[in-house]
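The block underneath contains the structure these notes are about, expressed in structure tokens.
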Amino acid sequence: MADTKTMTIKISRYNPEKDGEPHLELYTIPWSEKTVLLDALQYIKDNLSPDLSFRSSCRMTICGSCGVMINGVPKLACKAPLREYQEGLTVEPLANFPIERDLVVDLTHFMEYIQALKPYILGNIRRPSDGPNKQTPEEIAKYHKYSMCINCGLCYAACPQFGLNPKFLGPAAITLGRRYNLDSRDKGKSERMEKINSENGVWGCTLVGYCSEVCPKHVDPAAALQQCKVDSALEFAASVLNCKKKEASHGNKA
Amino acid sequence: MATKRKPYIREVNAGWWKKLPFYRDYMLREGTSVFAVWVSVVLLVALLSPDTFMSLVKNPLVIILNLAAFLASLLHTKTWYALVPKILNLPEAILKRLVQTLWGLTIGVSVVVLALAAASY
């Protein structure tokens with residue numbers, strides 16, 4: 001252990017029972033080429049500061065629990081090797097969410113928005129006796145990328161529009177909506193488009209594009225949102241045309 | 001039991017875009033629209049009073065502003081073409097060819113327009 005390398009990292013601490021606002025604390029930890037930030041956080045909790053709060057579960061970029069800001073950039077702690085941060089490392093809770101304690105944020109908004117977009121197959125009346133609901137590789141390819149989301153919330157921490165307006169449905173939720181809108185087995189597009197077209201829907205996006213940059217699963221939410229805008233604009237155009245047609249037919253009747 | 005929760009909300013201030021180079025690039029991209037307004041004003045002058053327009057475009061300050069507008073439009077074109085694939089849900093090979101076609105068209109049309117302008121000068 002004599003040749004163990006050490007590194008001093010800064011971690012944002014906030015205890016709602018004592019602190020008025022978060023503050024940074026320094027911790028010196030041993031590390032090797034294989035150490036990721038999540039290992040370091042667990043080391044601190046086990047050896048230096050047992051009251052450090054952070055979320056984690058799978059340790060392998062699958063569960064999406066351990067999102068934090070590393071030097072101001074949203075990252076998963078399990079996917080952040082310390083060897084890449086030898087010039088300094090500041091860990092803060094995910095941006096744009098209220099801080100509950102230390103590195104734990106309140107994701108209620110995020111979860112509600114995901115539910116609002118109904119990310120599941122709607123209106124499919126098939127029964128098990130009908131056999132498997134087959135899809136061609138081309139049909140799967142249309143939405144496959146968008147189905148890789150692990151709900152980690154990094155895209156919300158990267159989105160300045162969500163930061164400025166927490167009512168904005170945001171990248172991941174709308175992307176999940178898009179994922180099911182593109183699914184050939186689904187019949188619920190009109191239900192989801194109501195939300196997507198709404199005041200805090202897809203038009204809150206100004207294509208900053210940082211969501212796609214930080215996504216650990218390369219989902220490209222910025223692309224999904226721009227495609228939703230195309231859908232939304234086409235729906236609007238269709239509704240105007242339908243209105244005109246209805247007016248014309250009413251006029252003829254009168 | 002009363003809750004001990006006291007969620008801390010970090011306010012977003014007007015300087016949020018200075019935090020990361022990515023946000024700065026975004027603001028620069030959006031900022032090119034200011035020059036689009038400038039070019040529209042110049043073209044409006046050309047439409048309303050061609051004589052004023054001819055003297056206006058010879059003004060050194062206007063030449064500098066027009067040069068800046070030209071650079072801004074180049075940046076806007078580059079960033080816009082980079083974002084085109086996001087709008088279309090197509091296989092990557094097709095998207096790549098599409099962007100190459102857009103660049104080809106842009107360069108081709110620019111060369112033709114410049115050649116025509118040089119010929120009539």
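Since the structure is predicted, the reported quantities are computational estimates derived from the model, not experimental observations. Sequence lines set the chain letters: A, B, ... in the order given, protein chains first and strands last, and positions in each chain run from 1.
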Picking from A:Glu100, A:Glu21, A:Glu213, which has the most non-hydrogen pairs under 4.5 angstrom with chain B?
A:Glu100
Under 4.5 Å, heavy atom to heavy atom, which residues of residues 226-237 of chain A contact chain B?
A:Gln226, A:Gln227, A:Val230
To check you understand the geometry: which heavy-atom pair defines the closest contact between A:Pro98 and B:Ile9, and what is its length?
CB-CG1, 4.0 Å
Just checking heavy atoms, which of residues 16-27 of chain B are less than 4.5 Å from chain A?
B:Trp16, B:Leu20, B:Phe22, B:Tyr23, B:Tyr26
Counting only heavy atoms closer than 4.5 Å, note whether B:Leu90 contacts chain A via side chain, backbone, both or neither.
neither
Over 12 non-hydrogen atoms of neighbours within 6.0 angstrom of CH2 in B:Trp103:
yes
Is A:Asp19 salt-bridged to B:Lys6, going by a charged N under 4.0 Å from an acidic O?
no
Closest heavy-atom contact between B:Arg5 and A:Asp106?
NH2-OD2, 3.3 Å
Contacts of A:His109 that satisfy ring pair (Phe, Tyr, Trp, His ring centres under 6.0 Å) - sequence neighbours left out:
A:Tyr113
Among A:Pro22, A:Ser212, A:Gly72, residue most engaged with chain B (heavy-atom pairs, under 4.5 Å):
A:Pro22
Taken to the nearest 0.5 Å, the spacing of A:Met69 CE from B:Arg10 CZ works out to 7.5 Å
Do other residues, nucleotides or ligands put more than 12 heavy atoms under 6.0 Å from the NZ atom of A:Lys195?
no
How long is the span from the CG atom in A:Leu207 to the CG atom in B:Leu83, to the nearest 0.5 Å?
5.0 Å
Is the count of non-hydrogen atoms from other residues, nucleotides or ligands lying under 6.0 Å from B:Phe70 atom CZ greater than 12?
no
With chain B as the partner chain, list the residues of residues 133-145 of chain A whose heavy atoms fall under 4.5 Å from it, by residue number, and write 'none' if nothing qualifies.
A:Lys142
Test log, rule side chain to side chain contact (heavy atoms under 4.5 Å, CB included), inputs B:Lys86 and A:Leu225
CA-CA 9 Å; B:Lys86 292 208 186 290; A:Leu225 268 71; over 6 Å; no
Measure distances from A:Tyr210 to the heavy atoms of chain B and classify the residue's part below 4.5 Å as side chain, backbone, both or neither.
both
Of all of A:Ala158, A:Gly209, A:Pro93, which one pairs up most often with chain B through heavy atoms under 4.5 Å apart?
A:Pro93
Within a reach of under 6.0 Å around CE of A:Met148, are more than 12 heavy atoms found that belong to other residues, nucleotides or ligands?
no
Has A:Gln86 got more than 12 heavy atoms of other residues, nucleotides or ligands less than 6.0 Å from its CD?
yes
